[in-house]
Protein chains: 2
Amino acid sequence: MRVSLKDVAERAGVSIKTVSNVVNNYQHVTPGMRARVQAAIDELGYRPNMTARHLRKGRTGILALAVPELGNPYFAELAGAVIDVAAEHDLTVLLDHTGGEREREVLVSQGFRAGVIDGLILSPLELEVEDLRGREDDVPLVLLGEREYDLPYDHIAIDNVAAARTAVRHLLGRGRTHIAYLGARTDSANRPAHLRLAGWRAELTEAGVPAPDSLIGPTGGWDRGDGAEAMARMLDAGVRPDAVFAYNDLVAIGAMRVLHERGLRVPWDVAVVGFDDIAEGRFGAVSLTTVSPDKRSIARLAVESLLRTLENRAEEPEGRELVAEFRLVERESTLGRR
Amino acid sequence: MRVSLKDVAERAGVSIKTVSNVVNNYQHVTPGMRARVQAAIDELGYRPNMTARHLRKGRTGILALAVPELGNPYFAELAGAVIDVAAEHDLTVLLDHTGGEREREVLVSQGFRAGVIDGLILSPLELEVEDLRGREDDVPLVLLGEREYDLPYDHIAIDNVAAARTAVRHLLGRGRTHIAYLGARTDSANRPAHLRLAGWRAELTEAGVPAPDSLIGPTGGWDRGDGAEAMARMLDAGVRPDAVFAYNDLVAIGAMRVLHERGLRVPWDVAVVGFDDIAEGRFGAVSLTTVSPDKRSIARLAVESLLRTLENRAEEPEGRELVAEFRLVERESTLGRR
DNA sequence: GCCGCTCCTTCCAACGTTGTACAGACTGAT
DNA sequence: ATCAGTCTGTACAACGTTGGAAGGAGCGGC
């Protein structure tokens, strides 16, 4: 059986509360008493029962993070950052993945492990606004992604349109004029996908470069295989872009693989820009130029937003938009033409 | 304030316990009573307080998984599998990463979030046997990695020596005779690294092929950069292997990157085999042949081992070795010479 | 030597839940 | 009509902890 305060109290010949006071560094405890109790604690190997403490205090020190897919390195790296930041605040992280399915996202948002977690960081893919409207759960929530409508939840995001425009501008600056966008999917609610497409279109339009639908490559998902498929389909249709801007690094990597198979050289024949800056992009045969969101800062903003909400439980959450930085990392996949 | 059983009981005009019975689907409740209570539950939006339930039951339904690094896709993919398997058993997963530092591994093994977790799955890198000897914590523990000595904890692993031999045999079968091993590190306790090296040596020796130290490439860690560095160092030393067996896929990918830079073609000039079968290996310019441990089954064995320990709390844990399967996945990096 | 003050320790209750024991009501058989 | 037996719902205690209030010991001053 586990050692409890009661056992320590008996051993030290004091009351339970006194032991509790020692454990919690309560100030009015004489040094002698403290030493005696501490000795008993050490002898018995007492460790506080967190569950009981949680029940009493109403806080558990556990945050939940729900991402679409841990197999996606972007989310794995982000999860790592969240865990680190949480640890700085003496919090631990419960992890779940939703597979990017709307149903599971709703489930998670409605009360994942209710009563166990102090707050939830949700990275939605297919979640719709109305799914959150009637949210009953009183667990503080922050969303990763750009703010929509008037939901009273903080959102953490980078400026996707600006980031996409930066990427496309970089390609234009390299003299590319047939710039494809890979990763569109009309039947998905995925906001970033839409925003990045919008950025692609805006930048091209502003530069007076045509942005025909033939240069938009729809994908079924956003993994390597989806990128490969989309790239192949586009080439098979006779479209020959001289640059590709992909929804994310995985799609870009899939596309590069197909370009390689078809004998098109990156960057000479086709330049490629990805999005996310996953470690994988740095070590391919051709390293990948990419938009690098500041993951560390996203993690920090998310955790600290939750912490703030927890402090001011009284006032309504305000639904701020917290913006993280991004930068373009130039690598081999967009080197100048030879 | 949160709705509790008491509130529901008052609303429905029954006792707290009756509400509890309804919530827990206790059988002796009349349909009428059940409906009445359920109505009150719905009206008030009651949701059980897990913390209190945990305190009462002594179980939390939370497992902890501690891996060296979530940024390593192998561990991210494994974590995903553990989460899925845990979910099948109505368990959730608390995740931590240790950075592969011995100190943090010890800390985690000694009592990570004591009282909150029902069990711990630890994937150690540098942990030494003696670190676990005097373990006081009563949280059930399983270790990922091959069994050492007489520790009373279940171990989950694949047969690393056999797996390494399979990889090397594959290369020998392709006519390679200068097979390097990348990922040795003498100052580390990392067991798999030693076992894979042993397998490499054993297979070569048995085949009557020399296994000189010059073909052993030490690394500082086991990431892509470490593989690149080790490969470069070996080539700079004038050693020209015709095949490389790497500690893991990341090291292999780093090595391939350097081979590519040096104009050595994979697989024509140098064949490469990795270890882990991470998704990344399937989509490089040259897809990677690799030893594929059955991650799903590792996750299942680990979770179910903990569950079993939890059931038979009475009897001592037995310290079994649970072996998962592996298979060699052949891809482009070891195609026959042209 | 007594009073009052301060400082430390103890007692009690509560967090929300569930297991055990029990009380009451109803059923059917005698 | 009574009794045993079954079925339903209730009361109480306990899980391990902490906050608040009350109790007690020690000390100095008169």
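Each chain gets a letter, A, B and so on, in the order its sequence line appears, and its residues count up from 1. Only a predicted model underlies this, so the values are computations on that prediction, with no experimental measurement involved.
Each of B:Lys57 and B:Tyr26 lies near DNA chain D, and the nucleotide nearest B:Tyr26 is the one positioned closer to the 5' end.
Atom pair B:Asp7:CG and C:dC15:P shows a separation of 10 Å (rounding to whole Å applied). When the C1' atom of D:dG16 is taken as reference, atom CZ of B:Arg59 falls 19 Å away, rounded to whole Å. One atom, NZ of B:Lys17, and another, C1' of D:dA14, lie 13 Å apart when rounded to the nearest Å. Straight-line distance from the CD atom of A:Glu10 to the C1' atom of C:dT10: 15 Å, rounded to whole Å. One atom, CZ of A:Arg56, and another, C1' of D:dT18, lie 5 Å apart when rounded to the nearest Å. The CG-P distance, from B:Asn25 to C:dT18, rounds to 12 Å in whole Å. Remark: P of D:dC15 and CG of B:Leu5 are 19 Å apart, rounded to the nearest angstrom.
Within the 4.0 Å cut-off from OP1 or OP2 of D:dG16, not a single side-chain nitrogen or oxygen of A:Arg53 is found. Using a 4.0 Å cut-off, some side-chain N or O of B:Asn24 falls inside it from OP1 or OP2 of C:dT18. Side-chain nitrogen and oxygen atoms of B:Ser15 include none within less than 4.0 Å of the OP1 or OP2 phosphate oxygen of D:dA11. The phosphate of D:dC15 has neither OP1 nor OP2 within less than 4.0 Å of any side-chain N or O from A:Asn49. The phosphate of D:dT17 (OP1 or OP2) has a side-chain N or O of A:Tyr46 nearer than 4.0 angstrom. The phosphate of D:dT8 has neither OP1 nor OP2 within less than 4.0 Å of any side-chain N or O from B:Thr30.
Within 4.0 Å of A:Val14, counting heavy atoms only, lie sugar-phosphate atoms of the nucleic acid but no base atom. Among the atoms of the strands shown, only primed sugar atoms or phosphate atoms (P, OP1, OP2) are found under 4.0 Å from some heavy atom of B:Ser4.
Under the 3.5 Å distance criterion, the side-chain polar atoms of B:Arg320 are left unmatched by any main-chain donor or acceptor of B:His155. With hydrogens and angles disregarded, no donor-acceptor distance shorter than 3.5 Å links the side chain of A:Asn24 to the backbone of A:Tyr26.
Of the listed nucleotides (D:dC7, D:dT18, D:dG16), D:dT18 has the atom at the smallest distance from the side chain of A:Ser20. For B:Ile16, taking side-chain heavy atoms from C-beta onward, the closest of the listed nucleotides C:dT17, D:dT18, D:dT10 is C:dT17. Side-chain proximity of A:Asn21 to C:dT10, D:dG9, C:dG16: nearest is C:dT10. Taking only side-chain atoms of B:Leu55, from C-beta outward, the nucleotide of C:dT10, D:dT17, D:dC15 with the closest atom is D:dC15.
A:Leu65 is not listed as a side-chain neighbour of A:Leu94, based on a closest heavy-atom distance of 4.5 Å or more. Contact of the A:Asp154 side chain with the A:Arg308 side chain is registered, since non-hydrogen atoms from C-beta on lie closer than 4.5 Å.
Of the candidates A:Lys295, A:Arg300, A:Arg296, A:Asp84 forms a salt bridge (Lys or Arg N to Asp or Glu O under 4.0 Å) with just one, namely A:Arg296.
The heavy-atom pair separating A:Ile298 from A:Leu78 by the smallest distance is CG2-CD1, 4.0 Å.
Judged by distance alone, with hydrogens and angles left aside, A:Lys6 brings no side-chain donor or acceptor close enough to the base of D:dG16 to form a pair under 3.5 Å.
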